[in-house]
Amino acid sequence: MSCNGKVSQEAKIDTAEQASNSSRRPSEAEREWEEKVLKQALKSAPERLPGFSTTSGVPIERLYTPGDLADFDCERDLGDPGEFPYTRGIHPQMYRARLWTMRQFSGFGTPEDTNRRLHFLLDQGQTGLSIAFDLPTLMGYDSDHPFAEGEVGRCGVAVSSLADMETLLRGLPLERVTTSMTINSPAAMVWAMYLVAAEKSGADWKKISGTIQNDILKEYIAQKEFIFPPAPSMRLVVDSIVFAARETPRWNPISISGYHIREAGSTAIQELAFTLRDGIEYVEWVLRSGLGVDEFAPRLSFFFNSHNDLFEEVAKFRAARKVWAKVMRERFGARDPRSWRCRFHTQTAGCSLTAQQPYNNVIRTTIQALAGVLGGTQSLHTNSLDEAWALPTEQAATLALRTQQVLAHESGVADAVDPLAGSYFIEALTLRTERECYGYFDRIDSFGGMVAAIEKGFPQREIHDAAYAYQKAVERKEKFVVGVNEYVAEEERPIDLLIIDAGAAREQCRKLDALRKSRNNGRVQSSLDALSKAAGTTRNLMPDLLECVRAYATVGEMCDALRRVFGTYEEPAVA
Amino acid sequence: MTAPMNRHIRVLVAKPGLDGHDRGAKIVARALRDAGMEVIYTGLRQTPEQIVSAAVQEDVDAIGISILSGAHNTILPRIAELLRHAGLDDVLLVVGGIIPDEDVPGLKQAGVAAVFQPGASTGDIVDFIRSHVRPETPNAVASDE
């Protein structure tokens with residue numbers, strides 16, 4: 001063992017009266033200090049607030065000491081880096097061997113616009129790609145669908161067909177760069193497009209690497225970009241995980257995401273618990289398809305949010321690895337250590353950005369990125385200062401990337417593994433986060449699993465309550481937001497914003513029109529018919545989707561073929 | 001209580017467009033309710049036609065639109081126009097979301113009474129609706145039950 005366990009031994013010897021924290025056992029010396037020093041200090045210098053709490057509302061004690069780690073066992077709770085339960089990180093050397101992947105999420109306008117931005121970011125030293133799609137694509141509508149009006153290319157890039165995907169990826173080294181795609185309901189369709197585009201460019205499926213988000217559960221819970229009802233949606237997820245296990249050994253067919261749960265207003269613990277419980281749900285569903293756990297679990301990946309409260313976030317990341325490792329080994333009996341490792345991407349918290357005094361967002365993002373790095377993330381996206389208003393300008397996106405480069409190369413924080421380990425505060429917070437995470441697992445298990453809990457509105461209600469409580473705390477000024485409810489500027493100078501003109505929509509519609517005229521429509525129709533037919537059986541849908549894509553069927557057409565069989569999902573309107 | 005003189009302010013909270021980010025809409029709906037108003041929440045992805053038809057059906061005094069996708073310049077003028085066609089010129093139309101300063105004058109010209117940008121407080125939204133709903137609304141001050 002790399003640590004000597006002194007903390008836990010000392011704490012275990014002490015059996016003194018317990019404070020408000022039930023597992024807290026302060027030492028004789030500490031109680032003496034409280035009596036002789038602290039009492040006097042509190043009289044002469046009263047504290048700023050009656051009580052302190054994290055961004056998520058977890059109470060923060062004045063001081064953390066060995067007395068807070070009475071239940072902490074160095075070997076059991078910490079372990080070594082790269083070893084079970086991975087609290088200290090999934091690699092033995094962490095960033096000393098290889099820095100995290102700097103992966104800026106990017107996408108706007110036409111595939112040509114975004115292709116230019118992707119090349120620009122690689123030229124600036126970015127090390128992985130991450131593509132944002134527009135709302136019509138995310139919802140399975142083509143750019144020329146009436147529902148797409150006003151939305152084409154606005155929140156991401158418009159991709160309706162293989163032709164668009166080929167344009168989007170033009171000139172990118174697909175066997176060398178990893179590509180992450182934020183796509184959920186139509187993930188299998190868009191992934192099929194990526195696979196065919198890669199194949200046509202000569203890249204080997206066995207060598208390409210990247211991630212599709214493909215996390216439908218968090219759509220029902222938080223982001224609400226769903227198309228089909230839960231059961232057929234889960235079937236599409238399972239089909240893509242099974243297909244990936246066979247055909248694309250280096251691809252992550254899912255990125256189980258807490259990011260959007262947090263953005264919807266959850267606490268850090270809810271983010272962690274709902275995300276990992278979603279992970280459990282996916283594992284259970286894939287196991288039912290007949291695959292062995294170690295055949296697919298090593299390719300499951302995660303995606304977390306990093307908010308302002310530095311220590312709370314670091315504790316969350318550390319607890320995530322520990323809980324997932326135990327779940328995989330103990331709940332599912334996974335034997336392959338790769339199945340135990342919680343590999344995750346981190347994005348700084350979009351919901352923490354303020355429209356007021358936008359330059360303050362650079363500071364927030366830096367703190368959040370620091371938390372991701374101290375928490376041992378595998379890849380990182382840093383938000384741009386202008387994103388409370390719009391998609392980022394090139395200049396703002398560059399500054400966000402530079403923030404990561406300064407952290408990596410100048411701050412020194414990447415040079416020692418898990419540098420906060422052993423901090424009484426961090427270890428106590430990590431233990432607490434872990435404990436409360438299991439508490440949520442029990443509640444969700446009692447519903448009969450996450451799909452059932454979602455259908456009862458449980459996670460949605462928990463998140464909404466937390467979001468409302470936070471909003472009220474800000475409005476009562478129990479929580480300060482600099483530039484919004486305190487330190488407000490009389491007048492603000494506007495910043496330059498990225499403008500996406502309607503030309504992108506017109507251009508997309510023109511190209512789609514030309515495509516629909518030039519392709520072999522007989523082949524399109526027969527591939528779509530085959531897809532509908534397969535949807536009515538239990539066979540894996542990926543081969544049929546690939547055939548549709550090769551025929552240049554559009555995202556909208558493929559989704560429509562499945563809408564006819566699966567139906568669509570309407571969320572009960574509860575507010 | 002004798003209706004309609006003591007009727008509460010009725011507000012339709014709606015989310016048009018494809019965007020599913022409903023944190024803001026649900027917080028505002030709850031805050032209006034906590035302030036004593038009657039709130040009807042449409043749920044996600046309502047077309048302008050569905051929103052206006054719900055407004056007619058529910059006989060609301062105000063409509064609060066939440067939109068974060070950038071499609072506001074397309075969607076809001078259409079809602080305003082449909083409201084005029086339906087003879088609901090006196091229904092207060094307000095919007096909240098990610099709406100840049102330069103789009104605000106155009107939206108106001110189209111018939112939007114107020115634009116609540118990021119960082120707006122629910123208190124401001126409640127106050128604005130209370131003080132701007134149609135004057136003939138009986139008992140325009142919401143009760144605090």
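What you see is a predicted model; the values in this text were computed from it and never measured.
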Quiz item: When you check the gap from the basic side-chain N to the acidic O, do A/Glu486 and A/Lys477 get nearer than 4.0 Å?
Solution: yes

Quiz item: Is it the backbone or the side chain of A/Pro494 that comes under 4.5 Å from a heavy atom of chain B, or both, or neither?
Solution: neither

Practice problem: Pick whichever of B/His21, B/Glu102, B/Arg45 has the most heavy-atom pairs under 4.5 Å with chain A. | Solution: B/Arg45

Quiz prompt | Given A/His307, A/Lys218, A/Arg262, the one that forms side-chain hydrogen bond (donor to acceptor under 3.5 Å, both in side chains) with A/Glu271 | solution = A/Arg262

Exercise. Considering only heavy atoms and a distance below 4.5 Å, find which of B/Ser69, B/Gly119, B/Gly123 pairs most often with chain A.
Key: B/Ser69

Practice problem: Pick one of side chain, backbone, both or neither for A/Leu135, based on which atoms fall under 4.5 Å of a heavy atom in chain B. | Solution: both

Quiz item: Does any heavy atom of chain B fall under 4.5 Å from the side chain of A/Glu225, the backbone, both, or neither of them?
Solution: both

Self-check item: Whether A/His145 and A/Tyr141 hold their rings parallel, tilted or perpendicular, with breakpoints at 30° and 60°
Solution: tilted

Quiz item: So what's closer than 4.5 Å to chain B heavy atoms on A/Asp465: side chain, backbone, both or neither?
Solution: both

Exercise. Measure A/Glu263 against the heavy atoms of chain B and call it side chain, backbone, both or neither at under 4.5 Å.
Key: backbone

Quiz item: So what's closer than 4.5 Å to chain A heavy atoms on B/Asp22: side chain, backbone, both or neither?
Solution: side chain

Quiz item: If you draw a 6.0 Å radius around CD in A/Glu478, do more than 12 non-hydrogen atoms from other residues or ligands fall strictly inside?
Solution: yes

Quiz item: Relative to A/Phe226, does A/Arg563 satisfy both conditions: NZ or CZ under 6.0 angstrom from the six-membered ring centre, and within 45 degrees of the ring's axis?
Solution: no

Quiz item: In terms of heavy-atom pairs under 4.5 Å with chain B, which of A/Gly265, A/Ala148, A/Gly483 leads?
Solution: A/Gly265

Quiz item: Between the side chains of A/Tyr220 and A/Ser233, is a donor N or O closer than 3.5 angstrom to an acceptor N or O?
Solution: yes

Quiz item: Do A/Phe147 and A/Pro136 touch side chain to side chain, with heavy atoms closer than 4.5 Å?
Solution: no

Quiz item: Where does A/Gln223 contact chain B at under 4.5 Å (heavy atoms): side chain, backbone, both or neither?
Solution: both

Quiz item: So which part of A/Ala388 gets closer than 4.5 Å to some heavy atom of chain B, the side chain, the backbone, both or neither?
Solution: backbone

Exercise. Please determine, among B/Leu18, B/Thr122, B/Asn73, B/Val28, the option with the most heavy-atom pairs under 4.5 Å with chain A.
Key: B/Leu18

Practice problem: Kindly give the heavy-atom pair with the smallest separation between B/Ala62 and B/Val133, and that separation in Å. | Solution: CB-CG1, 4.2 Å

